[in-house]
Amino acid sequence: MKPWLCLVFFTSAFLIWHAEAEFFTSIGQMTDLIYAEKDLVQSLKEYIRAEETKLSQIKSWAEKMDVLTSKSTSDPEGYLAHPVNAYKLVKRLNTDWLELENLVLQDTTNGFITNLTIQRQFFPTEEDETGAAKALMRLQDTYKLDPETLSRGNLPGTKYRSSLTVSDCFGMGKTAYNDGDYYHTVLWMEQALKQHDEGEDTTVSKVEILDYLSYAVFQFGDLHRAMELTRRLISLDSTHERAGSNLRYFEKLLEKEREKPSNKTVATTEPVVQSGAYERPLDYLPERDIYEALCRGEGVKMTPQRQKRLFCRYHDGNRNPHLLIAPFKEEDEWDSPHIVRYYDVMSDEEIEKIKQLAKPKLARATVRDPKTGVLTVASYRVSKSSWLEEDDDPVVAKVNQRMQQITGLTVKTAELLQVANYGMGGQYEPHFDFSRRPFDSTLKSEGNRLATFLNYKDEPDAFKRLGTGNRVATFLNYMSDVEAGGATVFPDFGAAIWPKKGTAVFWYNLFRSGEGDYRTRHAACPVLVGCKWVSNKWFHERGNEFLRPCGRTEVD
């Protein structure tokens with residue numbers, strides 16, 4: 001295939017996306033970058049072949065002229081005594097050397113540069129690179145991976161090995177630094193320096209690394225180490241003005257600290273250290289430690305007593321005629337709240353069709369701002385999603401009907417089938433699927449205790465405009481296996497559910513009274529290795545009043 005034909009093909013494929021495609025949020029769409037890069041490599045090879053052909057012609061001419069001039073310069077008059085030699089000399093200088101000049105000036109880069117220029121507008125952006133770097137840091141934190149492990153690519157379940165260079169580690173540290181994240185700046189600059197000290201070939205200098213590292217260490221209040229690193233920097237580059245200025249500033253600070261009472265000195269100069277490293281700062285998520293522990297498979301509260309209450313059975317949808325002959329295999333994942341898993345819910349063919357339909361529509365997944373009710377993107381939800389209607393393909397209607405048969409709930413008032421693909425370190429931090437209604441001061445404290453405690457009077461009813469009530473239940477289809485990470489976890493009661501292709505999990509978000517079950521706050525853990533695809537159906541209250549009638553108490 002000619003380069004320009006490749007260009008037309010791949011460009012047309014890219015035109016379906018916005019220039020700022022946020023590739024890092026979807027592994028599914030990132031796969032297309034693989035083919036785009038392959039096309040660029042092919043174009044580059046075409047350019048190299050053209051250059052080699054040109055250089056071969058120039059070399060051949062040079063060799064021929066070298067032989068000829070060696071002969072002519074040995075006896076110029078004798079050489080020119082032959083009229084043919086005289087004629088050819090004039091002709092060469094008037095015509096042949098001009099042709100060689102045109103050959104040398106011939107631009108063989110045109111095809112490659114044109115291809116690169118056109119495709120560059122569809123390349124990942126600075127936002128993508130920053131997002132990808134933060135994704136690696138997220139994996140590092142969630143799964144307690146040290147920079148060495150990530151840099152060497154020693155991850156479980158990986159089919160292909162890959163490692164980070166000094167330049168890569170330095171880039172990670174710069175991303176963290178620019179974000180004011182000095183914790184990760186220190187970790188990655190230290191790794192860059194370590195690999196540099198080991199003799200790895202790189203264009204990044206130790207001076208550059210030490211410049212960032214010394215200042216980041218200073219931000220943790222570790223004056224002694226900041227001075228040590230700055231002195232090392234100055235020993236490598238004595239003319240470094242900022243380092244000299246910093247060192248004088250650090251020395252003044254240290255002198256002031258020494259003049260203070262000893263009990264205060266410790267408090268101001270001693271850095272917060274944990275296990276030989278600076279302590280990771282606290283953030284906005286109160287259950288961060290519990291959530292991340294569950295993602296690692298730690299702290300799961302599956303006791304022997306609870307295990308005894310979990311069973312497997314065949315499920316016929318309360319004797320649904322469609323399921324009597326071929327019931328689904330149902331397995332209890334948790335007892336209270338009751339979470340079940342169904343097996344063989346979607347075939348491989350159906351999964352591939354759903355992915356095929358969803359992929360062109362994938363867009364950055366959004367969350368609803370609890371104050372304004374407006375949909376917006378957020379760093380705590382890293383994925384792309386699309387919504388499929390039954391008119392899109394018969395397989396969508398078939399899957400919807402199957403979920404209705406399994407749950408006994410109507411899909412008439414349910415939301416469209418949402419398909420999501422998680423990107424690098426793809427996750428959705430702890431959240432509720434249901435809309436938290438305004439605070440009810442009359443709610444019994446012995447009823448939904450968490451609802452009494454959590455006052456959401458400022459949060460608007462997210463589903464009011466739909467007119468279908470709240471999200472009564474969630475049906476989550478796993479459409480891929482995940483080599484490592486990617487669990488669905490429930491921090492409130494300590495459950496972790498791992499993806500299995502073709503299975504689905506189901507739980508109710510509301511009690512029969514219509515009050516939200518705040519125990520169902522859940523999260524999608526970051527994907528460590530693999531590509532995670534899911535689809536889900538949110539069933540709403542309207543139309544299910546008699547299919548799931550009210551109970552006798554608020555918490556039935």
Side-chain angles (χ1 to χ4, degrees), residues 22 24-25 127 130-145 172 175-188 216 219-221 271-272 274 277-296 298-299 364-383 385 420 422-439 450-460 462 485-496 516 518-528:
E22 294 183 312
F24 77 96
T25 63
E127 180 188 357
T130 299
K134 289 182 177 180
L136 283 182
M137 296 176 206
R138 187 183 312 122
L139 295 175
Q140 175 184 2
D141 294 338
T142 303
Y143 297 103
K144 290 190 173 180
L145 304 171
M172 292 280 291
T175 296
Y177 181 88
N178 292 335
D179 202 41
D181 177 4
Y182 300 114
Y183 170 74
H184 288 105
T185 302
V186 171
L187 291 176
W188 284 103
Q219 291 298 315
F220 279 97
V272 182
Q274 182 181 41
Y278 300 106
E279 188 176 87
R280 180 181 167 195
L282 297 175
D283 66 4
Y284 55 86
L285 194 63
E287 67 262 66
R288 171 72 65 189
D289 291 342
I290 297 173
Y291 156 56
E292 292 184 350
L294 288 171
C295 290
R296 298 190 297 270
E298 303 168 5
R364 178 73 184 269
T366 56
V367 296
R368 196 173 295 278
D369 188 303
K371 298 292 184 183
T372 65
V374 176
L375 291 174
T376 182
V377 299
S379 61
Y380 57 84
R381 187 179 190 184
V382 182
S383 65
S385 61
Y422 290 81
M424 287 189 61
Q427 64 162 2
Y428 191 177
E429 289 181 353
H431 62 282
F432 300 100
D433 278 354
F434 61 90
S435 174
R436 293 161 291 181
R437 290 166 176 163
F439 182 65
L450 279 173
T452 306
F453 175 74
L454 297 170
N455 186 342
Y456 293 103
K457 62 180 180 295
D458 295 326
E459 180 172 312
T488 304
V489 299
F490 295 78
D492 186 74
F493 50 88
Y518 283 75
R519 298 173 301 171
T520 61
R521 182 172 165 86
H522 61 286
C525 293
V527 176
L528 178 58

Novice: Is NZ or CZ of Arg521 both nearer than 6.0 Å to the six-membered ring centre of Phe432 and within 45° of the ring axis?
Specialist: yes
Novice: How about Tyr278 and Tyr183: are their ring centres within less than 6.0 Å of each other?
Specialist: no
Novice: Just do the salt bridge (charged side-chain N to carboxylate O under 4.0 Å, His left out) check on Asp179 and Lys134 with the steps written out, would you?
Specialist: CA-CA 10 Å; Asp179 202 41; Lys134 289 182 177 180; 3.3 Å; yes
Novice: In the structure I gave you, are the side-chain heavy atoms of Phe220 and Val186 within less than 4.5 Å of one another anywhere?
Specialist: yes
Novice: Which residues pass the ring-ring contact (aromatic ring centres under 6.0 Å, His included) test with Tyr291, sequence neighbours left out?
Specialist: none
Novice: Nearest 0.5 angstrom please: Thr488 OG1 to Tyr428 OH, how far?
Specialist: 13.0 Å
Novice: Are Asp141 and Arg288 ion-paired here, with the side-chain N under 4.0 Å from a carboxylate O?
Specialist: no
Novice: Please give me the minimum heavy-atom distance between Arg296 and Thr142, naming the atom from each residue.
Specialist: NH1-O, 2.7 Å
Novice: Between the main-chain N or O of Ala420 and the side-chain N or O of Ser385, is there a donor-acceptor pair closer than 3.5 Å?
Specialist: no
Novice: So which atom in Val527 and which in Tyr422 form the shortest heavy-atom distance, rounded to 0.1 Å?
Specialist: CG2-CB, 4.1 Å
Novice: So, for Cys525 and Tyr143, which heavy atoms are closest and what is the spacing to 0.1 Å?
Specialist: CB-OH, 3.8 Å
Novice: Hey, are the side chains of Met137 and Trp188 touching, using non-hydrogen atoms and a 4.5 Å cut-off?
Specialist: yes
Novice: Could you report the tightest heavy-atom contact between Leu294 and Pro491, atom names first, then the distance?
Specialist: CD1-CA, 3.6 Å
Novice: Could you check if a side-chain atom of Leu187 sits within less than 4.5 angstrom of a side-chain atom of Gln140, using non-hydrogen atoms only?
Specialist: yes
Novice: Kindly write out the residues that satisfy ring-ring contact (aromatic ring centres under 6.0 Å, His included) with His522, not counting sequence neighbours, or none if the list is empty.
Specialist: His431, Phe490, Trp507
Novice: Looking at Gly425 and Leu139, what are the two nearest heavy atoms and their distance?
Specialist: CA-CD2, 3.8 Å
Novice: What's the spacing between Asp181 CG and Arg280 CZ if we round to 0.5 Å?
Specialist: 9.5 Å
Novice: So Leu145 and Leu528, do their side chains get closer than 4.5 Å, heavy atoms only?
Specialist: yes
Novice: Side-chain donor-acceptor pair under 3.5 Å between Glu429 and Tyr284, yes or no?
Specialist: yes
Novice: Please step through salt bridge (charged side-chain N to carboxylate O under 4.0 Å, His left out) for the pair Glu292 and Arg138, ending with a clear verdict.
Specialist: CA-CA 10 Å; Glu292 292 184 350; Arg138 187 183 312 122; over 6 Å; no
Novice: Could you go through the side-chain contact (heavy atoms from CB on, under 4.5 Å) check for Glu287 and Asp289 one step at a time?
Specialist: CA-CA 6 Å; Glu287 67 262 66; Asp289 291 342; over 6 Å; no
Novice: What pair of heavy atoms forms the shortest contact from Pro526 to Cys295, and how long is it?
Specialist: CD-SG, 4.2 Å
